[in-house]
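Here, residue 1 is the first one in the sequence, and each next residue gets the next number. FYI, side chains are in, hydrogens and waters are out, and symmetry mates aren't considered; it's all heavy atoms of this structure.
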Amino acid sequence: MKQPRNITVSRVFVGVMIVLALFFANIVSQMLWAIAHEIMRGVFTPRIGFPYRLQFIVPVLLAVLVAVVYTVFAQSPIGVSITKSLLGVRPVMTDNEKSLLDPIHDEVFESIKEKFPNAIKRQLYIFDSADINAFCMNAGSDIAIHRGSTQTFNDEELKALIAHEYGHSHYKDGLFSTLFVGAQYGFIFLYIWPFIHNFRAFRDIIGSDNIFMWAFHILILLVILGFYILLFKFFTFPIRMIVNIILGLFGTDIQGLTEKMLEYGRLFALQNVAFMMMSKQQEYRADEFASYIGYKYGMLSVLELFHEMEYQPVFGVLNKVFAEHPATYKRIANVEKFEVEDY
């Protein structure tokens, strides 16, 4: 009998890619600031200057700290409560919902405890959507099931669906997803860091005699920031042109380059590709987890229905690369060949 796959290597790879992306963002950010600083110094007070040195380690470590702080907050009771409010989930409340879901939830958890004695029982929530789906909330790893699922799936299918989400919760997939989101805030921090670190030099160049001068500081900062963004676009133009051509070759609207770059992770595409590869592995493992604890055939039934209802399947190499989930037919094939005990 097979065990769910181990994806440690995939997670380590994503971590390495994020750190490399942070280093790249740090270098680009500071180089652009140095250029903007020289222009600013030349415009305001040519006689004042200071030696600008690139910082390679400290900003990256601080960016990682930003990601960790965000993750800790997101996993805290306050962060979890905010997440649930933003998502719009609610507890299982009505008698019909309780009579349907409570026994199913209890049975699934008991099956999990047989194989994983240290498993933690999660809270089950309802997401009032007519769609058929479920998800494991990143913050706190509680499980939300779409109301449409309770109206569509039979008991065995609901058990498999809940077991799949328990797989994400058990392996703390949500924690790694939250860290990934926190890393995005780390990237933003890196583009603010040069202004923070060099504020004294900025103040010496502009002056700080009175409140009106401080207001002028803010105005100049906004001008420099706009110029900074312009430089960033200028220096990345060749990269964006290459990506533009590639997107065009794959049938993507060439006029939508800016939106695509934002959608696909701005300039840190490799890091996002690595994360999506890991995300697909997480989905395969959650399917295997549900099968491993006894719901293989319910899982197959759920996936078959998902496959039948894919009115807008994902086409094209690029879209598949950046999809968070594997193609449903691949998930079905993976579950079919996953060896389990006969029940």
Side-chain angles (χ1 to χ4, degrees), residues 4 7-8 10-11 14-15 18 62-94 97-98 100-113 116-150 158-189 272 275-276 278-279 281-283 285-287 289-290 293 324-325:
I7 63 169
T8 301
S10 180
R11 285 178 169 177
V14 170
I18 288 176
L62 290 174
V64 172
L65 180 62
V66 169
V68 172
V69 169
Y70 169 83
T71 303
V72 170
F73 176 77
Q75 300 288 327
S76 71
I78 295 176
V80 170
S81 179
I82 292 173
T83 298
K84 291 172 182 175
S85 297
L86 291 174
L87 289 173
V89 299
R90 62 173 176 82
V92 177
M93 298 176 65
T94 70
E97 290 169 350
K98 290 179 179 178
L100 171 66
L101 293 176
D102 285 352
I104 289 175
H105 186 198
D106 291 341
E107 180 186 321
V108 169
F109 183 68
E110 287 304 315
S111 298
I112 294 171
K113 288 282 286 184
F116 303 95
N118 296 326
I120 300 173
K121 191 170 187 178
R122 300 298 182 177
Q123 183 72 32
L124 193 62
Y125 289 83
I126 296 290
F127 183 62
D128 283 305
S129 167
D131 295 336
I132 56 167
N133 210 338
F135 56 92
C136 183
M137 287 174 275
N138 284 353
S141 294
D142 286 326
I143 296 166
I145 185 167
H146 289 228
R147 182 165 45 82
S149 296
T150 67
L158 285 173
K159 291 172 189 175
L161 191 65
I162 293 173
H164 171 96
E165 299 308 328
Y166 256 105
H168 288 306
S169 176
H170 178 74
Y171 292 110
K172 296 181 172 54
D173 292 342
L175 174 63
F176 289 88
S177 297
T178 307
L179 274 169
F180 181 79
V181 174
Q184 306 304 311
Y185 291 102
F187 289 131
I188 296 172
F189 168 81
N272 281 270
F275 179 80
M276 293 309 171
M278 183 187 75
S279 179
Q281 290 298 310
Q282 291 176 167
E283 292 302 320
R285 183 175 61 182
D287 291 342
F289 180 89
I293 64 171
E324 293 185 27
H325 289 61

Working to the nearest 0.5 Å, report the span between CD1 of I112 and NZ of K121. 10.0 Å
May I ask you to decide if G174's main-chain N or O and T178's side chain share a donor-acceptor pair within less than 3.5 Å? yes
Counting only N and O atoms by type, is there a donor-acceptor contact under 3.5 Å from the side chain of E97 to the main-chain atoms of M93? yes
State the OG-CD distance between S169 and Q123, to the nearest 0.5 angstrom. 12.0 Å
According to the interplanar angle, ranging from 0 to 90°, do the rings of Y166 and F109 count as parallel (below 30°), tilted (30 to 60°) or perpendicular (above 60°)? tilted
Note, T94 side chain near I126 side chain (heavy atom, < 4.5 Å): no
Could you state the interatomic distance from CE (M278) to CD (E324), rounded to the nearest 0.5 Å? 10.0 Å
Could you check whether any side-chain heavy atom of I132 comes within less than 4.5 Å of a side-chain heavy atom of H146, counting everything from C-beta outward? no
For R285 and P4 the tightest heavy-atom approach is CG-CB, 3.8 Å
Looking at F275, is its backbone amide N or carbonyl O close enough to the side chain of S279 to form a donor-acceptor pair, meaning the two atoms are under 3.5 Å apart? no
What pair of heavy atoms forms the shortest contact from C136 to S141, and how long is it? SG-O, 3.6 Å
Smallest heavy-atom separation, A134 atom then E165 atom, equals O-OE2, 3.2 Å
Write down the atom of G186, the atom of V66, and the distance for their closest heavy-atom approach. N-CG1, 4.1 Å
Return the OG1 to CD1 distance between T150 and I104, rounded to the nearest 0.5 Å. 9.5 Å
Quick one: does E283's side chain get under 4.5 Å of D173's, heavy atoms only? no
Measure the shortest side-chain to side-chain distance between I18 and L179 over non-hydrogen atoms and say whether it is less than 4.5 angstrom. no
Could you check if a side-chain atom of V92 sits within less than 4.5 angstrom of a side-chain atom of H105, using non-hydrogen atoms only? no
Could you report the tightest heavy-atom contact between A163 and I293, atom names first, then the distance? CB-CD1, 3.7 Å
From I145 atom CD1 to I162 atom CD1, the distance as rounded to the nearest 0.5 Å: 4.5 Å
Assess whether atom CD1 of I78 is packed by more than 12 heavy atoms of other residues, nucleotides or ligands within 6.0 Å. no
Are side-chain heavy atoms of L161 and S149 found at a separation under 4.5 Å? yes
Closest heavy-atom pair and its distance - Q282, H168: O-CE1, 3.6 Å
Could you give the distance from CG (L87) to CZ (F127), rounded to the nearest 0.5 Å? 7.0 Å
Taking atom NZ of K172 as the centre, does the number of heavy atoms from other residues, nucleotides or ligands within less than 6.0 Å exceed 12? no
Heavy atoms of other groups near Y185 OH, more than 12 under 6.0 Å: no
With under 30° as parallel and over 60° as perpendicular, where do the rings of H170 and F116 fit, or are they tilted in between? tilted
